[in-house]
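Single-structure report; data block below.
The figures here come from the full heavy-atom set of this structure, side chains too, leaving out hydrogens, waters and symmetry mates. Lettering follows sequence order; numbering is per chain, from 1. Just so you know, these numbers come straight off a predicted model, no measurement behind them.
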Number of protein chains: 2
Amino acid sequence: MRSKAMEQKPTNSEVDILSVLWRLGPSSVREVYEDMNQRREIGYTTVLKLMQIMFEKGLVTRNEDSRAHIYSPLQAQADTQRTLIDDLVERAFGGSAHKLALNALSSKKATPEELAEIRSLLDHLEEQK
Amino acid sequence: MRSKAMEQKPTNSEVDILSVLWRLGPSSVREVYEDMNQRREIGYTTVLKLMQIMFEKGLVTRNEDSRAHIYSPLQAQADTQRTLIDDLVERAFGGSAHKLALNALSSKKATPEELAEIRSLLDHLEEQK
DNA sequence: CGCATTCTACGAATCATTTCGTATAATGCG
DNA sequence: CGCATTATACGAAATGATTCGTAGAATGCG
């Protein structure tokens with residue numbers, strides 16, 4: 001039983017766009033387009049259409065005060081990330097989030113600060129037992 | 001520059017099938033079908049077709065000695081998982097694997113043993129500095 | 001042997017996602 | 001004002017993933 005409405009998993013392209021919005025903050029289609037287009041070739045109206053669809057789906061809101069609408073994610077970044085993680089954990093890690101964490105940590109160059117951050121989280125988790 | 005050929009990211013259905021193979025070991029289409037069909041409704045020939053496509057793509061091998069071919073993953077489980085994690089990290093975590101790890105660990109009920117396992121990994125990682 | 005069962009192969013429908021062309025409205029500037 | 005530029009909206013093609021029907025070959029059993 002969940003208290004919130006089930007959050008739908010965004011498609012790959014939708015995640016790409018959310019990522020830009022997370023990084024840039026509320027943005028116009030053009031701004032998102034400019035950013036995305038640096039990483040991979042994509043047309044302006046393609047981005048526009050995607051964002052319109054996301055608006056219809058309720059993945060983003062938009063402010064229509066100015067001619068160029070300004071889009072913002074509707075869900076918190078962490079919530080969307082959680083949805084994506086849960087899906088991957090379920091599908092490829094037999095439901096075990098810690099296995100995913102283990103795999104993500106190993107062999108990836110993390111700074112000492114980042115490792116410390118994780119330690120800190122572990123301490124926190126154990127306290128709560 | 002990678003030493004190995006670029007590993008293609010399996011589709012969702014393909015990951016589902018790989019998951020079954022990881023769990024059951026080398027299996028026939030029917031075995032995979034039986035298992036998968038318990039979780040979600042899916043037709044036998046659908047599974048067959050998927051596995052045939054995976055064979056063509058080089059995601060799995062198969063032993064054709066017996067009439068019912070026996071399929072096995074071609075890549076190590078950990079490698080495939082790594083591919084999936086990398087993709088998600090890139091797409092939704094701004095390239096930061098440790099952020100994904102943090103998110104995966106927090107709020108998920110992990111056993112003390114699992115937490116210890118992660119600590120142990122951290123120790124290991126820090127030693128290598 | 002002859003039939004029911006179980007396989008593989010394969011084409012093609014269906015469905016989801018991504019892509020973009022075109023129409024048209026708003027804006028800004030010389 | 002009139003034109004170039006930049007928006008949105010929208011339909012629909014293109015692509016990718018999933019699904020399944022059907023055909024025909026192998027197997028096993030009475």
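The side chain of A/Arg40 places an N or O atom within less than 4.0 Å of a non-bridging phosphate oxygen (OP1 or OP2) of C/dT19. Look at A/Thr46 and you won't find any side-chain N or O under 4.0 angstrom from OP1 or OP2 of C/dT18. Residue B/Arg62 places no side-chain N or O under 4.0 Å from the OP1 or OP2 atom of C/dC7. A close approach under 4.0 Å does not occur between any side-chain nitrogen or oxygen of B/Tyr44 and OP1 or OP2 of D/dG21. Within the 4.0 Å cut-off from OP1 or OP2 of D/dA17, not a single side-chain nitrogen or oxygen of B/Thr11 is found.
The side chain of B/Ala68 sits closest to C/dT8 out of D/dT19, C/dT8, C/dT18. Each of D/dT18, D/dC20, D/dA9 was ranked by its minimum atom distance to the side chain of A/Gln52; first place goes to D/dA9. Comparing C/dA9, C/dT22, C/dT18 by their closest approach to the side chain of B/His69 singles out C/dA9. Taking every side-chain heavy atom of B/Leu48 into account, C/dT8 is the closest of D/dT19, C/dC20, C/dT8. Comparing atom distances between the A/Arg67 side chain and each of D/dT18, D/dT6, D/dA26 picks out D/dT6 as nearest.
Rounded to an integer number of Å, the gap from A/Glu64 CD to C/dA26 P is 13 Å. Between the CG atom of A/Leu50 and the P atom of D/dC10 there is a distance of 16 Å, given to the nearest Å. Whole-Å rounding puts the A/Ile70 CD1 to D/dT6 C1' distance at 14 Å.
Between the side chain of B/Arg30 and the base of C/dT6, no donor-acceptor pair under 3.5 Å is found.
Counting heavy atoms from C-beta outward, A/Val60 and A/Met51 have side chains that stay 4.5 Å or more apart.
Salt-bridge annotation for B/Arg91 and B/Asp87: present, with a side-chain N of the basic residue lying under 4.0 Å from a carboxylate O of the acidic one. Of the charged side-chain nitrogens involved, none lies within less than 4.0 Å of a carboxylate oxygen, so that B/Arg39 and B/Asp16 do not count as a salt-bridged pair. Ion pairing between B/Asp35 and B/Arg23 holds under the 4.0 Å rule for side-chain N and carboxylate O.
Sequence order on DNA chain C of the closest nucleotides to A/Gly43 and B/Glu56 puts B/Glu56 first from the 5' end. Where A/Ser66 and A/Glu14 each meet DNA chain C at their nearest nucleotide, the meeting point lying more 5' is that of A/Glu14.
Shown here is B/Glu64, whose CD atom has more than 12 heavy atoms of other residues, nucleotides or ligands within 6.0 Å.
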